[in-house]
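Following: one structure in structure tokens, then a few remarks.
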Amino acid sequence: MQLLYFGWVRTKIGTSRETLDPPAEITDVRGLVEWLKQRGDGYQEALQDLETIRVAVNQDMADLDAAVTPGDEVALFPPMTGG
Amino acid sequence: MQLLYFGWVRTKIGTSRETLDPPAEITDVRGLVEWLKQRGDGYQEALQDLETIRVAVNQDMADLDAAVTPGDEVALFPPMTGG
Amino acid sequence: MIKVQEQDFDIGAELASLTDGNKAVGGLGCFVGLVRDMANDEQISSMTLEHYPGMTEKQLTTIEAEARDRWPLQDVLIIHRYGRLEPGDRIVLVATTSAHREAALESCHFLIDWLKTKAPFWKLEESDSGENWVAARNSDDDAADRWDRAK
Amino acid sequence: MIKVQEQDFDIGAELASLTDGNKAVGGLGCFVGLVRDMANDEQISSMTLEHYPGMTEKQLTTIEAEARDRWPLQDVLIIHRYGRLEPGDRIVLVATTSAHREAALESCHFLIDWLKTKAPFWKLEESDSGENWVAARNSDDDAADRWDRAK
């Protein structure tokens, strides 16, 4: 699974992109985020407040209940500030 | 008194500007317009429908009850179409 | 700034004059009006704009002040052409700058709505069927009234 | 048309490309966003825009289609820069053309409100006190929601 991080999610986790293999029981975004939080303090800090995390699965906005599968590109980031 | 005409008021009257001396009893725009209408068919046709006539006295928008004096610049024209 | 002129204008240069060197500008709103080649299903060959010299500048100066009163603007630019124009030609430019985008966009909208019904211009269209003075539209009055109510 | 690019753009040339030769355009609405030198009472030395390549273009293409669906538009142009910018630099250009001014101005407003909250960009400001990610503003969410309700 391709994981992408942007904004302060990226700076707190310390990388912009990584390829991970979450266990088979991870089937939705919520489960994925909880699993990532176990990976270290940076992940824990970046993802502690789910209210402030936005998610895209395969470049489309998604919510915490969205399904994820091993081949997906999943991005986690703060609220967007374009324009 | 300086009289100015624009748009189809001008084309119907046939001139863009003239200096006239209305009689002393003409003291407001309404009286002025009625007096002008006596001056010929062009004036009559241009000024027949007061609903469609807009007035400026000394370059400020005015209504039919506005006062006019001999030194004024009075303009008569159709609704404006700027922009 | 108000410019009432016969000659064309350079949009890029005019807008640059509003923003260059002013680092407090966060947003620039702009509207450009152009002569269309069709009106009432007729092909237009030209549009001649007549205006009331003196009153035009006076009215535009007043409305610039009104816009600055209503919104926190850095700058206002209104350029309105007169004379004979052809389809595709630029007629009018309205541009405003502000720290914030809402102020820039809304004031720009306000100014062009206002110009449509209250700036002393009259348009004469020329087509195959002859010359025709463009009539004022009720929808333009409604658009301008909206801002009076919002005051 | 969507352009996501690091380099600056020429406003005059970009707008001319929307109107030149198209005599059906009656109005062009435009918004340009620039980097301000102050934020939260602090002097800003730079703003770096990060984006999500691929998703950005996909999202902007979707919103261009949405604008064309809602208004009778001739053309839509969105240029959004990324990378390191300084105060006074242009960030974004939104421009729309239509036969009618309301459609041009409203769609332009819609697009910039949308970009503020739904285009995958993040802004890192640098000032004397260090680096700071720009926080999303509730007022921007409200502005974007307004268009959802108006749908």
Side-chain angles (χ1 to χ4, degrees), chain C residues 9-16 18-39 43-45 47 74 86-102 104-113 115-116 137 139-140 142-143 146, chain D residues 9-16 18-39 43-45 47 74 86-102 104-113 115-116 137 139-140 142-143 146:
Chain C
F9 49 83
D10 177 331
I11 298 178
E14 296 293 348
L15 298 185
L18 294 185
T19 56
D20 282 4
N22 184 350
K23 297 176 179 174
V25 171
L28 175 147
C30 166
F31 178 83
V32 179
L34 301 104
V35 181
R36 279 191 291 155
D37 59 356
M38 295 293 290
Q43 190 77 24
I44 299 302
S45 57
M47 175 186 274
Q74 304 269 354
E86 294 182 355
D89 284 351
R90 288 174 275 270
I91 305 170
V92 62
L93 171 98
V94 172
T96 55
T97 54
S98 174
H100 304 289
R101 78 179 184 287
E102 284 295 327
L105 281 166
E106 286 189 7
S107 59
C108 191
H109 204 151
F110 163 77
L111 286 167
I112 188 67
D113 281 350
L115 288 175
K116 285 277 166 187
R137 301 190 314 167
S139 61
D140 285 336
D142 295 345
R146 182 165 66 92
Chain D
F9 47 84
D10 178 331
I11 299 179
E14 296 293 349
L15 298 185
L18 293 185
T19 57
D20 282 3
N22 184 348
K23 296 176 180 175
V25 172
L28 176 148
C30 166
F31 178 82
V32 179
L34 301 105
V35 180
R36 280 192 292 154
D37 59 356
M38 294 293 290
Q43 191 77 24
I44 298 301
S45 58
M47 175 185 275
Q74 305 269 352
E86 294 182 355
D89 283 352
R90 288 173 275 271
I91 305 170
V92 62
L93 171 98
V94 172
T96 55
T97 54
S98 175
H100 304 289
R101 78 179 185 286
E102 285 296 327
L105 282 167
E106 285 188 8
S107 59
C108 191
H109 204 150
F110 163 77
L111 287 167
I112 188 68
D113 280 350
L115 288 174
K116 285 276 166 187
R137 301 191 312 168
S139 61
D140 285 335
D142 295 344
R146 181 165 66 93

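Every chain is numbered from 1 and lettered A, B, ... according to where its sequence line falls, protein lines coming before strand lines.
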Using heavy-atom distances under 4.5 Å, tell me whether D/Ile112 contacts chain C through its side chain, its backbone, both, or neither. both
Which residue out of D/Gly12, D/Ala99, D/Gly33, D/Ala13 racks up the most heavy-atom pairs below 4.5 Å with chain C? D/Ala99
Which atoms of C/Val35 approach chain D - backbone, side chain, both or neither, heavy atom under 4.5 Å: backbone
Using a 4.5 angstrom heavy-atom cutoff, name the option from C/Met38, C/Glu106, C/Glu102 with the most pairs to chain D. C/Glu102
Relative to chain D, which segment of C/Ala143 carries a heavy atom at a distance below 4.5 Å: side chain, backbone, both, or neither? side chain
Using a cut-off of under 4.5 Å for heavy-atom pairs, which of C/Ile11, C/Ile44, C/Leu105 has the most such pairs with chain D? C/Leu105
For residues 18-27 of chain C, give me every residue with a non-hydrogen atom less than 4.5 Å from any non-hydrogen atom of chain D. C/Thr19, C/Lys23, C/Ala24, C/Val25, C/Gly26, C/Gly27
Of the listed C/Lys116, C/His109, C/Arg101, the one with the largest count of heavy-atom pairs under 4.5 Å with chain D is C/Arg101
Output the option from D/Asp10, D/Asp113, D/Leu15 having the highest count of non-hydrogen pairs under 4.5 Å with chain C. D/Asp113
Pairs of heavy atoms under 4.5 Å with chain C: top-ranked of D/Cys108, D/Pro87, D/Gly29, D/Ala16: D/Pro87
